[in-house]
2 protein chains.
Amino acid sequence: MLSQKAKYAMRALLYLAQAQPENPVFISEIADQQSVPKKFLELILLDLKRHGLVHSYRGKKGGYALAKTPDQIYFGQVIRIIDGPLAQLPCASRTAYRRCDDCENEQTCEIRQVMLQVRDSTARILDNTSLADVMVKGTAELVEGAGI
Amino acid sequence: MLSQKAKYAMRALLYLAQAQPENPVFISEIADQQSVPKKFLELILLDLKRHGLVHSYRGKKGGYALAKTPDQIYFGQVIRIIDGPLAQLPCASRTAYRRCDDCENEQTCEIRQVMLQVRDSTARILDNTSLADVMVKGTAELVEGAGI
DNA sequence: CATTAACTCTAGTAAATAAGTAGGATATCA
DNA sequence: TGATATCCTACTTATTTACTAGAGTTAATG
């Protein structure tokens with residue numbers, strides 16, 4: 001399951017994507033408009049900032065703005081930052097591979113075989129769908145629109 | 001993430017799939033061979049039984065056996081029984097749809113759009129890959145072999 | 001130049017979930 | 001009827017999730 005935190009992150013990013021990058025938006029504005037707990041959102045935006053997705057400005061006229069254009073921010077990256085690897089098993093992750101502690105033989109593991117397929121098809125979607133892809137377009141041809 | 005419980009369930013089913021259905025297997029044998037905590041495995045098999053995936057026999061010569069042939073048991077069903085819906089969001093599930101509590105407008109929700117795509121591509125794999133599909137075959141052509 | 005209002009950062013906390021354990025009840029076979 | 005298997009309810013312990021609190025830092029402004 002996607003965490004609440006990841007949903008908040010996506011909502012915040014989509015909100016920032018609608019704003020002008022030259023006018024940073026207050027955390028409190030995003031929190032109010034998207035009904036996200038403000039203090040929680042602070043932590044989330046900080047995390048997104050550390051990973052280079054947003055810029056922040058301190059002081060009285062501070063706020064947040066996207067660090068890239070909406071077509072350069074992919075859902076896969078956001079989810080990895082907030083929730084960790086896309087794969088359902090550590091041993092099926094390609095960006096954060098880890099052995100399963102209790103796995104006898106990874107080469108022949110039937111579960112891993114299946115979950116690798118799932119992780120790949122998931123990543124194919126999430127790493128090719130940007131904020132821009134879902135902002136204007138309807139639900140049709142989303143994946144094709146992402147260049148697959 | 002796939003729960004440990006779901007992994008145990010799959011391992012147990014794959015183990016039963018290798019056995020003759022006319023000779024039920026003791027929980028203790030599966031637990032030993034697959035290194036699954038026995039009492040925990042009891043609960044898991046009971047759950048799989050209630051959902052019709054396995055048969056059980058009580059008393060001294062009791063044990064468990066598959067209730068279907070391995071080509072009729074799909075990973076999707078196993079995961080749904082043990083871990084719940086495949087979708088990453090309640091509102092993106094097709095077998096167990098539920099509204100997200102904090103969603104303003106489901107029709108226009110960008111996050112849902114994306115997660116619906118992910119859930120569909122995941123289900124396409126998991127609901128078309130059976131125990132039999134991974135038992136003999138190698139890793140190549142897994143999905144094609146499942147009839148996609 | 002002090003005040004105000006924004007972001008930054010470290011902790012802490014309550015509730016839910018995950019991963020088991022314990023132990024008795026029930027069924028079957030020899 | 002005793003041994004040994006599954007069945008079932010309840011409990012426990014650790015981790016994770018979803019926040020909250022509060023002090024610190026930075027920058028505009030009157």
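All chains are named by letter (A, B, ...) in the order of the sequence lines, taking the proteins before the strands, and each is independently numbered beginning at 1. Hydrogens, waters and symmetry mates are skipped; everything else that's a heavy atom, side chains included, is used.
- Between D/dT6 and B/Arg50, no contact under 4.0 Å exists linking OP1 or OP2 to a side-chain N or O.
- Of the residues near DNA chain C, B/Lys60 and B/Lys5, the one whose nearest nucleotide (by heavy atom distance) lies more toward the 5' end is B/Lys5.
- Taking atom NZ on A/Lys38 and atom P on D/dA21, their separation rounds to 12 Å, with Å as the unit.
- Taking the side chain of B/Leu46 as heavy atoms from C-beta on, and the options C/dT21, D/dC8, C/dT8, the nearest nucleotide is D/dC8.
- Of the two residues contacting DNA chain D, namely A/Gly59 and A/Pro37, the nearest-nucleotide position lying further toward the 5' end is that of A/Pro37.
- One can place CD of A/Gln4 at 18 Å from P of C/dA15, the figure rounded to the nearest angstrom.
- In terms of heavy atoms, A/Asp83 sits closest to A/Met1 at OD2-O, 4.5 Å.
- Ion pairing between a basic and an acidic side chain is recognised when a charged N comes within 4.0 Å of a carboxylate O; A/Asp102 and B/Arg11 show such pairing.
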Worked check of side chain to side chain contact (heavy atoms under 4.5 Å, CB included) between A/Met115 and B/Phe75
CA-CA 10 Å; A/Met115 298 321 277; B/Phe75 284 89; over 6 Å; no
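- For A/Lys39, the side-chain atoms get nearest to C/dT8 when compared with the rest of D/dC7, C/dT8, C/dT21.
- Comparing C/dT8, D/dT6, C/dA11 by their closest approach to the side chain of A/Leu43 singles out C/dA11.
- Taking every side-chain heavy atom of B/Phe40 into account, C/dA19 is the closest of C/dA19, D/dT9, D/dC7.
- The distance from atom CG of A/Leu41 to atom C1' of D/dT20 is 14 Å, rounded to the nearest whole Å.
- A straight line from CD of A/Glu42 to C1' of C/dA5 spans 12 Å, rounded to a whole angstrom.
- Contact check, A/Ser28 against C/dA6: no side-chain N or O comes under 4.0 Å of OP1 or OP2.
- In the set C/dC7, C/dA19, D/dT6, C/dA19 carries the atom at the smallest distance from any side-chain atom of B/Ser3.
- Counting to the nearest Å, the C1' atom of C/dC9 and the CD1 atom of A/Ile27 are 12 Å from each other.
- Of the two residues contacting DNA chain D, namely A/Arg58 and B/Lys61, the nearest-nucleotide position lying further toward the 5' end is that of B/Lys61.
- In this entry the distance linking NZ of B/Lys7 with C1' of C/dA18 reads 13 Å, nearest Å.
- Of the possible donor and acceptor atoms, one in the side chain of A/Asn128 sits under 3.5 Å from a partner among the backbone N and O of A/Arg124.
- At distances below 3.5 Å, at least one donor-acceptor pair connects side-chain atoms of B/Ser121 with backbone N or O atoms of B/Val118.
- Between the C1' atom of C/dA5 and the OH atom of A/Tyr57 lies a distance of 18 Å, rounded to the nearest Å.
- Look at CZ on A/Phe26: it is 13 Å from P on C/dT8, rounded to the nearest Å.
- Distances shorter than 4.0 Å separate none of the side-chain N or O atoms of B/Tyr64 from OP1 or OP2 on D/dA5.
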